[in-house]
Amino acid sequence: MQTHPTTAPLPTRPQKPGPGWRYRTGVAVRALAAILGGYALSAAWAAALALMLPAVRVEAALTGTMMALAIYPCAAMWCFGARTALRAIVGLLIAGALPAAVLLAKGAA
Amino acid sequence: MKEGIRQSMAWLHTWSGLLVGWVLFMVFAAGTASYFRDEITLWMKPELHGVAHAAVPEALAATNAVTTLQEKAPKSQRWFITLPTEREPGLRVSYNAKPPPGESTGRRRNIKTLVLDPATGAELSAPRETRGGDFFYRLHFDLHYMPPIWGRWIVGFCAMFMLVAILSGIVTHKRIFKDFFTFRPKKGQRSWLDFHNVSAVLALPYHLMITYTGLLTLMFMYFPQAIQAVYPDRQEAFFSELFNSPPADARAARVSAALAPLGPMVEQASGAWNGAPVGRVTVAFPNDANATVSITQQTGHAINYDVPTLVFDGVTGKLVSAPAGHGGAAKDTRGVMYGLHVARFADPFTRWLFFACGLAGCLMVATGLLLWAVKERPKHLKAHAGRIGFGLRLVDGLNIGAVAGLPLAMAVYFWANRLIETGIAQRPDAEIRWFFTAWAIAAIAALARPGRPMWRIQLVIGGAAFALLPLLNGATGGAHLLTSIAQGLWPVAGFDIVTLLLGAFLLYSSHYLGNARAPKPARAAQKTDTDSKPELAGSNA
């Protein structure tokens with residue numbers, strides 16, 4: 001993403017020509033990944049935890065839902081902290097693999 | 001994103017904060033006001049200031065409520081009785097009223113509410129109609145002039161941005177404790193940053209808690225997937241299990257039967273809770289063979305928001321449900337976090353502490369918004385040959401409209417409460433219209449001329465309007481400060497004192513802006529970004 005290597009202290013963005021389309025696309029992709037991907041990831045974990053946790057169902061559902069509220073901001077931060085936009089998306093996919101597998105397995109059963 | 005995690009988190013902090021900051025400022029301000037929702041409502045009904053509040057035994061108050069309800073609505077499906085509390089001395093009763101013929105049957109709209117004297121059951125001299133503090137409470141998460149469900153999604157979206165902004169802000173800070181003890185006044189951008197850090201760090205546990213628990217209050221709406229996963233058929237089953245409540249599909253028998261006296265049930269319930277007072281009594285199908293009476297403990301005697309409820313048979317007066325045992329860990333966690341958010345503790349110290357933290361939150365959001373504009377200004381001046389671009393101008397305008405315009409609008413709401421004549425139709429809506437009209441005018445003016453004079457004008461008007469509220473209160477039938485303090489009427493006196501202080505603070509801010517030094521010579525611009533000029537939004541406009 002670092003299309004404008006600079007030695008000046010950050011966050012200084014180049015002034016005149018604007019940040020450039022590559023930078024802007026990168027930000028847009030990350031924002032979409034954070035908002036939509038982060039939501040999907042948190043929702044998948046919520047449902048998977050509700051199914052997996054060894055507790056009565058009302059307790060499991062509550063725990064899953066409360067965890068989702070913490071997973072979402074962490075996913076958003078990951079999306080903007082990752083070195084490239086591609087890495088951000090790959091990271092979300094890896095983090096979502098386990099809950100997705102749980103949900104698929106339960107759906108098939 | 002940027003080189004290093006700290007820089008990228010700083011970027012994220014800046015933008016996630018800015019994009020929703022104006023909504024968040026309103027959410028914080030309205031939420032902070034809501035801690036004193038009952039007191040605000042009382043202030044806005046000056047007719048009730050003089051009413052003496054003798055303590056009445058709960059069983060007697062409940063019996064009086066039933067006498068009145070039997071007269072007013074013997075055939076209603078449900079009665080709701082809210083017993084008096086220290087903060088709300090009136091006895092409130094509501095019942096399902098038949099909708100007038102030809103009108104649609106919205107469930108909420110057909111509930112009629114009366115305020116009674118707990119000692120006699122007589123209707124209290126009708127105070128003026130107002131939404132009072134409830135307006136801020138609803139504005140806090142429902143917004144206004146739109147379906148509440150939209151408001152809740154918008155506020156939830158902004159709250160999630162807030163949580164991201166707080167967490168990334170923590171990562172950004174390498175010297176969180178040092179910052180806490182650092183304040184360099186009158187140093188321009190440096191001072192704003194210090195101020196932002198102090199207000200954020202000082203109340204950081206509160207900010208994290210209030211943002212997370214705020215999302216938690218509506219989490220079943222935002223994340224229904226967990227419930228859907230384990231309750232595929234009926235989601236009502238989830239809520240029934242969560243609240244230990246009887247199934248919602250009970251029906252009237254359509255056989256009339258006398259209602260058992262409520263007094264003994266109230267006493268039995270209070271005894272079962274070691275004397276904790278009763279909050280609310282719900283009578284389902286009064287005067288019917290299937291009548292039930294649910295008695296709920298008063299909130300504010302534990303942090304946990306899920307207060308215990310006992311269910312009695314309405315005809316025999318016998319206890320139907322055993323007192324619920326201990327809930328599960330997740331249930332208790334949710335209940336306590338919900339309770340922390342709404343903070344209905346009986347303890348006034350905690351409420352004042354939360355109020356102070358809420359004000360710190362408002363300052364944190366406001367200084368964060370200002371900081372963006374202050375930081376951006378030198379860059380814009382350089383890039384646009386001494387003129388500021390559209391984006392910065394927009395941010396300046398929105399900053400003034402939100403940070404200076406909102407308090408002004410709140411003060412106008414209180415003025416409208418006393419100046420609009422009583423007894424007109426839709427009076428509460430008229431008060432609210434004054435609030436939004438004032439805010440809209442402030443915002444439009446701010447966007448048209450986003451400069452330092454506009455900051456000063458709006459702060460002066462808002463400050464004067466707040467500072468004069470105690471006088472207005474005395475002049476329009478309320479208990480003024482001298483009598484309210486003398487009589488120990490602290491809810492009213494507290495309102496007047498807080499508005500006086502807020503007004504003084506706003507007036508001082510305006511005065512301070514007028515005295516601020518002219519920008520230092522451009523020497524600073526050659527140094528790093530971080531110590532440039534002592535600028536506030538728009539002094540060059």
Side-chain angles (χ1 to χ4, degrees), chain A residues 1-2 5-6 8-16 18 23 26-27 30-31 34-35 38-40 42-53 55-77 79-85 88 102-103 106, chain B residues 1-16 19 157 159-168 171 211-213 215-216 219-220 222-231 237-242 327-334 337 375 379-380 382-384 528-530:
Chain A
M1 257 312 82
Q2 202 55 45
T6 165
L10 289 160
T12 319
R13 282 188 291 133
Q15 298 292 332
K16 205 61 191 210
Y23 177 88
V27 171
R30 285 166 196 265
I35 293 171
Y39 183 80
S42 323
W45 269 105
L49 281 171
L51 291 168
M52 284 191 296
L53 288 174
V56 281
R57 58 181 185 168
V58 61
E59 288 279 297
L62 281 173
T63 311
T65 311
M66 289 192 284
M67 288 298 294
L69 293 182
I71 294 171
Y72 200 170
C74 296
M77 285 167 72
C79 286
F80 285 93
R83 193 115 36 79
T84 66
V102 170
L103 294 176
K106 289 279 174 176
Chain B
M1 201 74 233
K2 301 275 182 187
E3 292 154 359
I5 191 77
R6 192 158 277 146
Q7 279 82 0
S8 60
M9 286 301 111
W11 185 94
L12 181 61
H13 177 75
T14 305
W15 286 97
S16 58
L19 291 177
F157 186 78
M160 192 44 90
F161 266 68
M162 179 83 199
L163 195 52
V164 168
I166 292 176
L167 291 173
S168 54
V171 175
T211 312
Y212 180 82
T213 56
L215 286 160
L216 179 129
M219 67 178 178
F220 302 133
Y222 301 140
F223 286 105
Q225 295 85 4
I227 300 163
Q228 285 162 358
V230 282
Y231 294 85
F238 166 74
F239 289 103
S240 174
E241 280 177 34
L242 174 60
K331 245 191 224 182
D332 283 349
T333 307
R334 177 194 166 273
M337 290 208 271
K375 235 161 138 175
K379 287 193 235 163
H380 270 251
K382 228 160 88 186
H384 300 270
T528 52
D529 224 4
T530 42

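Chain letters run A, B, ... following the sequence lines, proteins first, then strands; residues in each count from 1.
Remark: side-chain polar atoms of A:Y72 are not paired, donor with acceptor, to backbone N or O of B:V164 under 3.5 angstrom. Within the 3.5 Å criterion, the main-chain N or O of A:A44 finds no donor-acceptor partner in the side chain of B:Q225.
Under a cut-off of 6.0 angstrom, the local environment of CE in B:M337 is crowded, with over 12 non-hydrogen atoms contributed by other residues, nucleotides or ligands.
Residue A:L49 does not touch chain B at all, counting heavy-atom pairs closer than 4.5 Å. At a 4.5 Å heavy-atom cutoff, the contact between B:F157 and chain A is made by side-chain atoms alone. Within the 4.5 angstrom heavy-atom criterion, only side-chain atoms of B:L12, from C-beta onward, approach chain A. Contact of B:M219 with chain A is made through backbone and side chain together, with heavy-atom distances under 4.5 Å.
Nearest heavy-atom pair, A:R57 versus B:A237, reported as atom, atom and distance to 0.1 Å: NH2-CB, 4.4 Å. Annotation for A:T63 and B:A330: closest pair OG1-CB, 3.5 Å, computed over non-hydrogen atoms. Between A:G64 and B:A226, the closest heavy-atom pair is C-CB, 4.5 Å. A:A61 approaches B:V230 most closely through the heavy-atom pair CB-CG2, 3.7 Å.
Contacts of B:T213 classified as side chain to side chain donor-acceptor pair (under 3.5 Å), with partners at least two apart in sequence or in another chain: B:H341.
To the nearest 0.5 Å, the span separating CG on B:L163 from CE on A:M77 amounts to 9.0 Å. Here CG of A:L69 is found 6.0 Å from CZ of B:F223. Values are rounded to the nearest 0.5 Å. The CG atom of A:L62 sits 10.5 Å away from the CG atom of B:D332 when rounded to the nearest 0.5 Å.
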Task: side chain to side chain contact (heavy atoms under 4.5 Å, CB included) between B:Y212 and A:M66, intermediate numbers included - done: CA-CA 9 Å; B:Y212 180 82; A:M66 289 192 284; 3.6 Å; yes

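Options A:V56, A:V58, A:L51 differ in how many heavy-atom pairs under 4.5 Å they form with chain B, and the most are formed by A:V58. Residue with the most contacts toward chain A among B:F161, B:Y231, B:F220: B:Y231 (heavy-atom pairs, distance under 4.5 Å).
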